[in-house]
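Just below is one structure, and these are the notes that go with it.
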Amino acid sequence: MSTLAGKHVLLGITGGIAAYKLPFLVRLLRAQEAEVRVLMTPAATSFVTPLTLAALSGQPVHHHLVEEEPGQTAWNNHVAHAEWADLMIMAPATANTLAKAVQGLCDNLVMATYLSAKCPILWAPSMDLDMFAHPSTQQNLSTLASWGHVLMASPSGPLASGLHGAGRMAEPEDIASQAIRILCTTPYWKNKTVVLTSGPTQEPLDPIRFVSNGSSGRMGTALARALSAKGASIHWVHGPQQVFEAHLPGVTYYSVKTAKEMHSVVQGLQGESDIFIASAAVADFRPERVFEAKQKKSGGMAATAWVENPDILLHVGQSKKPHQRVLGFALESTWNVEEARAKAARKGADAIVLNQAGDLQGGMHTETNRIALLTQEETYDFPVAHKDAIGEALVHWMESHWNL
Ligand code: C5P
């Protein structure tokens with residue numbers, strides 16, 4: 001993926017222990033092909049070395065407003081750094097840095113650049129729990145938010161002091177996801193709410209055993225990532241899936257096990273959705289009787305009748321409003337375009353993604369997928385690609401075909 005190709009990300013590192021995680025953030029941003037330039041406060045250099053960050057960013061790292069070279073003095077142009085940036089990330093942002101930012105103090109290169117920057121600013125605060133809870137810090141955070149800056153949450157957990165509580169820096173993966181969302185949001189997706197189902201469902205036989213299928217949830221996760229990157233609001237209703245991504249910005253998570261649970265959550269959200277995407281591999285049937293206790297082997301395999309599960313896509317498709325769109329998935333044993341198209345018509349889906357079970361490059365159990373997207377009139381063939389790329393391509397397709 002090259003989500004951030006051509007984007008300039010300026011990283012301002014200040015003096016907190018979480019600075020040791022910043023090399024990972026640089027790697028994640030570089031993996032998306034962002035150009036990353038690192039500035040540090042003098043205090044930050046005690047926690048992580050400029051050399052490490054220069055090696056990973058591929059650019060010189062600056063930590064003084066004026067740099068003394070043998071025989072010459074170089075002025076670091078904070079205005080030029082600020083103008084270069086499409087996004088400035090302040091991480092870890094100490095209580096001291098937050099206070100300086102609110103007051104407009106600029107006694108180091110990071111703060112002088114911050115004060116000159118006109119690009120979006122993303123803060124990842126990090127400090128001990130009492131400093132974080134202090135009214136002055138909380139007020140500073142509210143002030144920055146009121147200026148339109150984006151603030152990462154500071155989750156609870158073990159702190160360097162040995163205490164436990166809120167104030168940890170958000171993980172580099174989560175900061176990177178938020179950075180991608182800030183830089184890649186489109187006006188189309190910014191105003192869209194998407195309800196997404198994914199993964200398998202589990203239909204219990206007894207408290208231990210269940211009937212399910214081999215869906216990994218990879219395609220749904222790819223869609224959630226791609227939609228989050230583009231700025232959509234996503235309600236992600238997911239079964240117990242192996243491939244998953246927590247903490248995606250813009251995503252509200254709903255964890256379900258059975259088809260009935262998935263159906264009832266989707267029903268509650270249906271009114272809010274502009275687009276419903278049904279990528280879940282919902283179990284079509286559930287055992288009629290669920291035993292209260294674990295069934296003993298000695299009793300033999302109990303016979304059970306099977307009850308049909310609600311068809312979530314069918315219900316949403318048939319009751320959708322004119323301004324709503326619905327995308328379904330059809331995983332078939334054979335590449336049968338007409339059958340998939342008929343399924344879309346029957347279930348009220350505006351489009352359906354055909355993929356094939358047993359395809360070595362697509363369907364379940366694979367990292368790649370081979371798909372065709374079908375409307376009632378058109379067939380769009382997509383080249384075989386990683387499921388993340390397919391997710392991005394589908395999001396792009398919806399943006400360019402559904403004029404909502
Ligand atoms: O009928 P089939 O299972 O092949 O349909 C696949 C499509 O229908 C997928 O989009 C799937 O998420 C959705 N579906 C559903 N509820 C069901 C069965 C399938 O939403 N009970």
Side-chain angles (χ1 to χ4, degrees), residues 194-204 210-224 227 234-241 243 254-270 273 275-288 306-320 324-359 362-364 369-376 380 382 387 390-391 394-395 397-398 402:
V194 178
V195 176
L196 169 70
T197 68
S198 75
T201 62
Q202 289 179 351
E203 311 298 332
F210 54 79
V211 177
S212 189
N213 60 62
S215 165
S216 64
R218 193 172 267 116
M219 201 55 244
T221 301
L223 283 160
L227 290 162
I234 304 126
H235 293 289
W236 184 4
V237 190
H238 59 88
Q241 56 190 59
V243 179
Y254 305 81
S255 173
V256 298
K257 281 221 166 84
T258 66
K260 277 199 337 189
E261 284 167 16
M262 187 175 270
H263 186 218
S264 99
V265 175
V266 168
Q267 276 181 315
L269 296 167
Q270 206 180 331
S273 106
I275 295 176
F276 174 64
I277 305 177
S279 73
V282 183
D284 290 323
F285 295 93
R286 64 179 182 276
E288 183 179 49
W306 296 88
V307 188
E308 199 170 339
N309 270 328
D311 191 317
I312 305 167
L313 175 59
L314 179 91
H315 286 179
V316 174
Q318 287 187 339
S319 56
K320 69 173 196 276
Q324 295 178 314
R325 294 290 177 278
V326 171
L327 177 66
F329 275 72
L331 179 69
E332 306 292 350
S333 297
T334 53
W335 190 262
N336 192 331
V337 171
E338 284 323 311
E339 211 174 288
R341 187 166 271 135
K343 184 174 287 186
R346 182 162 44 83
K347 297 198 184 201
D350 298 280
I352 199 156
V353 175
L354 172 62
N355 51 173
Q356 192 176 341
D359 181 344
M364 276 185 187
N369 211 356
R370 181 201 313 274
I371 64 158
L373 189 147
L374 317 170
T375 63
Q376 288 308 308
Y380 302 85
F382 289 63
K387 283 182 178 166
I390 298 277
L394 288 173
V395 167
W397 186 92
M398 287 183 267
W402 287 346

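Whatever order the structure lists ligands and atoms in, that order sets their numbers, starting from 1.
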Point to revise | atom 4 (O) of ligand 1: nearest protein contact (heavy atom, Å) | key: Lys343 NZ, 2.3 Å

Check your understanding: If you count the atoms of ligand 1 from 1 in the order shown, which ones are under 4.0 Å from a heavy atom of Phe329?
Key -> 5 (O), 6 (C), 7 (C), 9 (C), 10 (O)

Review point. Using heavy atoms and a threshold below 4.0 Å, how should the contact between His263 and ligand 1 be classified: side chain, backbone, both, or neither?
Key: neither

**Study point:** Protein residue, atom and distance nearest to atom 17 (C) of ligand 1, heavy-atom basis
**Key:** Val282 CB, 3.5 Å

Revision key, fill the gap. One should read off an interatomic distance between Ser216 OG and Lys387 NZ, to the nearest 0.5 angstrom, of 5.0 Å

Review point. Under a 4.5 Å cut-off applied to non-hydrogen side-chain atoms, are Val237 and Leu269 in contact?
Key: yes

Check your understanding: Would a distance-only check, ignoring hydrogens and angles, find a side-chain to backbone donor-acceptor pair under 3.5 Å from Glu261 to Lys257?
Key -> yes

Point to revise | From CE (Met364) to CG (Asn369), nearest 0.5 Å | key: 11.0 Å

Check your understanding: Should Glu332 be counted as touching ligand 1, given the test is an N or O pair under 3.5 Å?
Key -> no

Study note, to complete from the structure: Filtering Leu327, Ile312, Val316 for the heavy atom nearest atom 16 (N) of ligand 1 leaves Ile312

Review point. Any side-chain heavy atom of Trp335 sitting closer than 4.5 Å to one from Leu354?
Key: yes

Check your understanding: Non-hydrogen atoms of Lys347 versus ligand 1: any pair closer than 4.0 Å?
Key -> yes

Review point. Does even one non-hydrogen atom of Asn309 get within less than 4.0 Å of ligand 1?
Key: no

Check your understanding: With a 3.5 Å cut-off and no angle check, do the side chains of Asn336 and Glu339 form a donor-acceptor pair?
Key -> yes

Exercise for review: For Ser215 and Gln241, test the side chains for any donor-to-acceptor distance below 3.5 angstrom and give the result as yes or no.
Suggested key: no

Practice item. Look up atom CD1 in Ile275 and atom CD in Gln324, then write down how far apart they are to the nearest 0.5 Å. Key: 10.0 Å

**Study point:** Taking atom 13 (C) of ligand 1 as the reference point, the nearest protein heavy atom with its distance
**Key:** Leu313 CB, 3.7 Å

Review point. What are the atoms of ligand 1, with element, lying closer than 4.0 Å to any heavy atom of Gly328?
Key: 10 (O)

Review point. Any N or O of Ala330 that comes nearer than 3.5 Å to an N or O of ligand 1?
Key: no

Check your understanding: Given that the side chain starts at C-beta and the backbone is N, CA, C, O, which of these parts of Leu331 lies under 4.0 Å from ligand 1, counting heavy atoms, or is it both or neither?
Key -> neither

Review point. Judging by distance only, is a nitrogen or oxygen of Ala281 under 3.5 angstrom from one on ligand 1?
Key: no

Check your understanding: Taking the non-hydrogen atoms of Pro310, is any one of them nearer than 4.0 angstrom to ligand 1?
Key -> yes

